[in-house]
S.K.: 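Can you keep this structure in mind? I'll have questions shortly.
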Amino acid sequence: MENNKIRVRFAPSPTGHLHIGGARTALFNYLFARKYNGTFILRIEDTDELRSTRESMHSIFESLKWLGLNWDEGAMSEDDEKGDYGPYIQSKREARGIYKKYVDFLIEKGYAYYCYCTPEELEEMRKKATLEKRPPRYDGRCRNLTNEQIEKFRAEGRKPVIRFKMPDDGVTEWNDLIHGHLSFENKLLYDFIMIKASGYPTYNFACVIDDHLMEMSHIIRGDDHISNTPLQINLYKAFGWKLPEFAHLSMILGPDGSRLSKRHGATSVGEYRKEGYLPNTMKNYLALLGWSTKDSQQIFEVGELEEKFSLDGCQKNPAIFDPVKLKWMNGEYIRKLSKDQLFDYAIPFIKDAGIDLSKSRVSPVEIVALEQEKYKLLSDIPKLVDFFFIDEINYNPDAVEKVLKKPEVLKILSGIKAVYTSIDDFKDTVIEEKTRAFAKENGYKAGQVFHPLRVSVSGRTEGPTLFKMMEYFGKDLVIKRIDEALKIVSDSLS
RNA sequence: GCCCUCAUCGUCUAGUGGCCUAGGACAUCGCCCUUUCAAGGCGGAGAUCAGGGGUUCGAAUCCCCUUGAGGGCGCCA
């Protein structure tokens, strides 16, 4: 049954990068389509001639792809598209005159009219209304202009807009798939603009025409659109078109409960990517903002979200974006990666930090994997592995003070140096065995030897497991660094 | 100002009339493991279910009011 086919869309306007909220809307549409074997469509709503940019469009494509929200139909890039309902970029649709015939139809049927009010007049109208404590919306004054008035406005060179004539009474209602029954009194609605003075359609108009023409079955969007919905429904009714199902997702707020904005930190998907978050982390975390399973599952395997998603699990109330939990989740996802996957993700971050990967004796893949359970962000990696790739390490002053400047350290280090010099097979198990034996023979506790050693070879008090680390450094480098540490200790004694 | 929406631990949430002395996760605290930092394991604290009225034998769950928060009232989307 062609008519029962699930078709959903994400319809961003290219006026900036893909934001967290937009990504979440895209994700839910994508998951819904996957769950019910439907079609996920990407449409670009660039009817804001002033703010829409090609760069933004590109950036949105990139972010969507990075998140793995692959769409089946629609604008595939700035210049390519796929599907039988195109064009999928509204400016191109406008250029083809797609909207015009629907405008003409409405005017002919008396559902739309020209309005000659200037922006200044409208501003004045709103101000006055606010002062008089009335709703600051258009009062419909151009609904019944006389021919003389129209002549006069034209003579003044005024460019009209085209407004939709909203019904004066009755109610507009629908059954929202998330909120349930929603209803608005028509007299509280207003004659919204369908066509701007520039000839371009507005959001509320183009959106309805396209959703209908593209045969959308479900409109899943943010609940900031709830009050646009009755406006749009009246348009559908004027055309006599079948309504799609509506589902309004709750908003995402910043940690202080206000609308998520720059002052809360990163707000775009691209920024999180740069900070070292994995795409699957973002997908999983975003899914959990406003949606959950009956058992409050937190981490989802590949494909599991697509399988378990449902509109029933969607929350009505807004969700606060929690960067702390996001970070935890990223650690979880990093730990699930194979060594090779981790390394592939790490490369750009390591290179950015200026680290020369050729400078280590062992495979950098192994080195990066050494501290896998520790990374919360991919950007944590360089500073945790850098001492594997540089000759001269920096000794952390606090570490030197706390660990190396102890009375027995000089003896321990020179003793252990002698032990290491005699090891031929410099492997972690061998080193550990010899080191423990050295401690025991000389009456030291293991930790008394391990700690100064760690600081000596790495310059820090924390790091990877000690013996594996030394094995990777290699015997020569370990001895060289013990010598350096020895020098620091003896210098401080004199 | 008007309209709409929403309301469970600090946060994300489970819960759809009795299984709730409200469950899970993040964060937090303590203990264990341990060569460090993590990770992991175990345990604790944390929500009189915004407040007040009803309905009912019984309400976080249904109804009403109040309060608070968010959204909208654009030739932005």
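Just so it is clear: chains get the letters A, B, ... in the order the sequence lines come, proteins before strands, and each one is counted from 1.
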S.K.: Between rG15(B) and rG24(B), how many Å separate the two C1' atoms, rounded to a whole number?
M.R.: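 Pairwise C1' distance, rG15(B) against rG24(B), rounds to 12 Å.
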S.K.: OP1, OP2 of rC6(B) versus side-chain N and O of H179(A): anything below 4.0 Å?
M.R.: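 True: H179(A) side-chain N/O within range (under 4.0 Å) of rC6(B) OP1/OP2.
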S.K.: For N284(A) and rA25(B), what is the distance between atoms CG and P respectively, to the nearest whole Å?
M.R.: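 About 15 Å, once rounded to whole Å.
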S.K.: When the P atoms of rA14(B) and rC6(B) are compared, how many Å lie between them, rounded to an integer?
M.R.: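 About 15 Å, rounded to a whole number of Å.
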S.K.: Between rU13(B), rA38(B), rC4(B), which nucleotide has the shortest distance from any of its atoms to the side chain of K376(A)?
M.R.: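 Ranking rU13(B), rA38(B), rC4(B) by closest atom to the K376(A) side chain puts rA38(B) first.
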S.K.: Taking atom types as they are modelled, is there a donor-acceptor pair under 3.5 Å from the base of rU35(B) to the side chain of T465(A)?
M.R.: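 Counting by modelled atom types and ignoring angles, a donor-acceptor contact under 3.5 Å is found here.
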S.K.: Reckon K127(A) has a side-chain N or O less than 4.0 Å from the OP1 or OP2 of rG74(B)?
M.R.: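 Negative; the distance criterion is not met.
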S.K.: Looking only at side-chain N and O atoms, does R24(A) come under 4.0 Å of OP1 or OP2 in rC12(B)?
M.R.: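 Negative; the distance criterion is not met.
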S.K.: Compare side-chain N and O positions of K468(A) against OP1 and OP2 of rU35(B) and report whether any pair is under 4.0 Å apart.
M.R.: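 False: K468(A) side-chain N/O out of range (4.0 Å or more) of rU35(B) OP1/OP2.
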S.K.: Classify the nucleic acid contact of R51(A) as base, sugar-phosphate or nothing, counting any heavy atom under 4.0 Å across all strands shown.
M.R.: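 Contact class for R51(A): base.
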S.K.: S292(A) side chain N/O closer than 4.0 Å to the phosphate oxygens (OP1, OP2) of rA14(B)?
M.R.: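 For rA14(B), OP1/OP2 do have a side-chain N/O of S292(A) under 4.0 Å.
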S.K.: Would you say T47(A) places a side-chain N or O within less than 4.0 Å of OP1 or OP2 belonging to rA77(B)?
M.R.: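 Checking rA77(B) against T47(A), a side-chain N or O does come within under 4.0 Å of OP1 or OP2.
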S.K.: Have a look at H225(A) and say if it touches a base, only the backbone sugar-phosphate, or nothing, with a 4.0 Å heavy-atom cut-off.
M.R.: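 H225(A): base contact, heavy atoms under 4.0 Å.
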S.K.: What integer number of Å spans the P atoms of rA47(B) and rC4(B)?
M.R.: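 These two P atoms come out 35 Å apart once rounded.
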S.K.: What about the rings of W291(A) and F309(A), do their centers lie closer together than 6.0 Å?
M.R.: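 Between F309(A) and W291(A), which both carry aromatic rings, the centre distance is below 6.0 Å.
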S.K.: Please confirm whether the shortest side-chain N or O distance from K294(A) to OP1 or OP2 of rG15(B) is below 4.0 Å.
M.R.: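 K294(A) to rG15(B) OP1/OP2: side-chain N or O found under 4.0 Å.
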S.K.: Given rC26(B), rC75(B), rU35(B), which nucleotide is nearest the side-chain atoms of R163(A)?
M.R.: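 Among the listed nucleotides, the one closest to the side chain of R163(A) is rC75(B).
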S.K.: Within the 4.0 Å heavy-atom criterion, would you say L288(A) contacts the bases, only the backbone, or no part of the nucleic acid?
M.R.: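 Since only primed, P, OP1 and OP2 atoms lie under 4.0 Å of L288(A), the category is sugar-phosphate.
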S.K.: Could you tell me whether P12(A) contacts a base, only the sugar-phosphate backbone, or nothing, with contacts defined as non-hydrogen atoms closer than 4.0 Å?
M.R.: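 Here P12(A) touches no strand at all.
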S.K.: Select one nucleotide: of rA25(B), rC75(B), rU35(B), the one nearest the side-chain heavy atoms of K325(A).
M.R.: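 Of rA25(B), rC75(B), rU35(B), rA25(B) is nearest to the side chain of K325(A).
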S.K.: Looking at the side chain of D224(A), which of rG72(B), rG1(B), rU35(B) is the nearest nucleotide?
M.R.: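 Of all the options, the side chain of D224(A) is nearest to rG72(B).
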S.K.: After noting the C-alpha distance and the side-chain angles of Y99(A) and D104(A), does the key distance pass the side chain to side chain contact (heavy atoms under 4.5 Å, CB included) rule?
M.R.: CA-CA 9 Å; Y99(A) 304 110; D104(A) 293 344; over 6 Å; no
S.K.: Just say parallel, tilted or perpendicular for the rings of H248(A) and H179(A), cut-offs at 30° and 60°.
M.R.: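 Tilted: the ring planes of H248(A) and H179(A) meet at 30° to 60°.
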S.K.: Establish, from distance only, whether the side-chain atoms of S56(A) and R51(A) form a donor-acceptor pair under 3.5 Å.
M.R.: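 No.
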S.K.: Could you go step by step and tell me if K336(A) and Q372(A) meet the side chain to side chain donor-acceptor pair (under 3.5 Å) rule?
M.R.: CA-CA 9 Å; K336(A) 281 156 68 119; Q372(A) 178 159 8; over 6 Å; no
S.K.: On the six-membered ring of Y333(A), is R335(A) placed so that its NZ or CZ lies under 6.0 angstrom from the centre and within 45° of the ring axis?
M.R.: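 Negative - R335(A) is either too far from the ring of Y333(A) or too far off its axis.
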S.K.: Indicate, yes or no, whether a donor-acceptor pair under 3.5 Å links the base of rG23(B) to the side chain of S296(A).
M.R.: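 Indeed there is one.
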S.K.: Y285(A) and ring pair (Phe, Tyr, Trp, His ring centres under 6.0 Å): which partner among F321(A), F300(A), W328(A), Y277(A)?
M.R.: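 So, applying the ring pair (Phe, Tyr, Trp, His ring centres under 6.0 Å) to Y285(A) and each of F321(A), F300(A), W328(A), Y277(A), only F321(A) qualifies.
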S.K.: Give E45(A) one of three labels, base, sugar-phosphate or nothing, depending on what nucleic acid heavy atoms sit under 4.0 Å from its own.
M.R.: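 Counting heavy atoms under 4.0 Å across all strands, the contact made by E45(A) is with sugar-phosphate only.
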S.K.: If you go through the side-chain atoms of N228(A), does one of them form a donor-acceptor pair with the base of rA77(B) closer than 3.5 Å?
M.R.: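 Yes, a donor-acceptor pair under 3.5 Å.
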S.K.: Let me spell it out: for each of E49(A) and S183(A), pick the nucleotide of RNA chain B with the closest heavy atom. Which residue's pick is nearer the 5' end?
M.R.: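 Mapping each residue to its closest nucleotide by heavy atoms, the 5'-most match is S183(A).
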S.K.: Measuring only the C1' atom in each nucleotide, how far is rA50(B) from rG10(B)? A whole number of Å is fine.
M.R.: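 Pairwise C1' distance, rA50(B) against rG10(B), rounds to 16 Å.
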S.K.: rG1(B), rA25(B), rC37(B): which one has an atom nearest the side-chain heavy atoms of P136(A)?
M.R.: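 Comparing rG1(B), rA25(B), rC37(B) against the side chain of P136(A), the answer is rG1(B).
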S.K.: Describe the nucleic acid contact of R454(A) in one word from base, sugar-phosphate, nothing, applying a heavy-atom distance below 4.0 Å.
M.R.: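 Base: the residue R454(A), judged by heavy atoms under 4.0 Å, touches a nucleobase.
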S.K.: Please determine, for the side chain of V324(A), which listed nucleotide (rG74(B), rG72(B), rC26(B)) has the closest atom?
M.R.: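 So the side chain of V324(A) is nearest to rC26(B).
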S.K.: How far does the C1' atom of rU55(B) sit from the matching atom of rC64(B), given to the nearest Å?
M.R.: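 Their C1' atoms lie roughly 11 Å apart.
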S.K.: From the list rC12(B), rC76(B), rG72(B), which nucleotide is the closest neighbour of the side chain of I320(A)?
M.R.: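 That would be rC12(B).
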S.K.: Does OP1 or OP2 of rU35(B) have a side-chain N or O of R436(A) closer than 4.0 Å?
M.R.: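 True: R436(A) side-chain N/O within range (under 4.0 Å) of rU35(B) OP1/OP2.
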S.K.: K316(A) side chain: which of rC6(B), rA25(B), rA77(B) is closest?
M.R.: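 Given the options rC6(B), rA25(B), rA77(B), the side chain of K316(A) is closest to rC6(B).
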S.K.: Within 45° of the six-membered ring axis of F192(A) and under 6.0 Å from that ring's centre, is NZ or CZ of R163(A) located there?
M.R.: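 Judged by the rule (NZ or CZ under 6.0 Å from the ring centre, within 45° of its axis), R163(A) is not positioned above F192(A).
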S.K.: Would one find a side-chain N or O of R126(A) under 4.0 angstrom from OP1 or OP2 of rG74(B)?
M.R.: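 It does, given that an N or O in the side chain of R126(A) lies less than 4.0 Å from OP1 or OP2 of rG74(B).
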S.K.: Taking only N and O in the side chain of R335(A), is any of them less than 4.0 Å away from OP1 or OP2 of rG40(B)?
M.R.: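 Yes.
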S.K.: Let's see if you can work this out: which of rC73(B), rC75(B), rG40(B) has an atom nearest to the side-chain heavy atoms of E332(A)?
M.R.: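 Looking only at side-chain atoms, E332(A) lies closest to rG40(B).
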S.K.: In whole angstrom, give me the gap between the P atoms of rC63(B) and rU56(B).
M.R.: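 To the nearest whole Å, 16 Å.
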S.K.: Taking for each residue the nucleotide of RNA chain B with the nearest heavy atom, is it G257(A) or L289(A) whose nucleotide lies nearer the 5' end?
M.R.: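 Taking each residue's closest nucleotide, the earlier one in sequence belongs to L289(A).
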S.K.: If only side-chain N and O atoms of Q315(A) are considered, is one of them under 4.0 Å from the OP1 or OP2 phosphate oxygen of rA14(B)?
M.R.: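 The answer is yes; a side-chain N or O of Q315(A) sits under 4.0 Å from OP1 or OP2.
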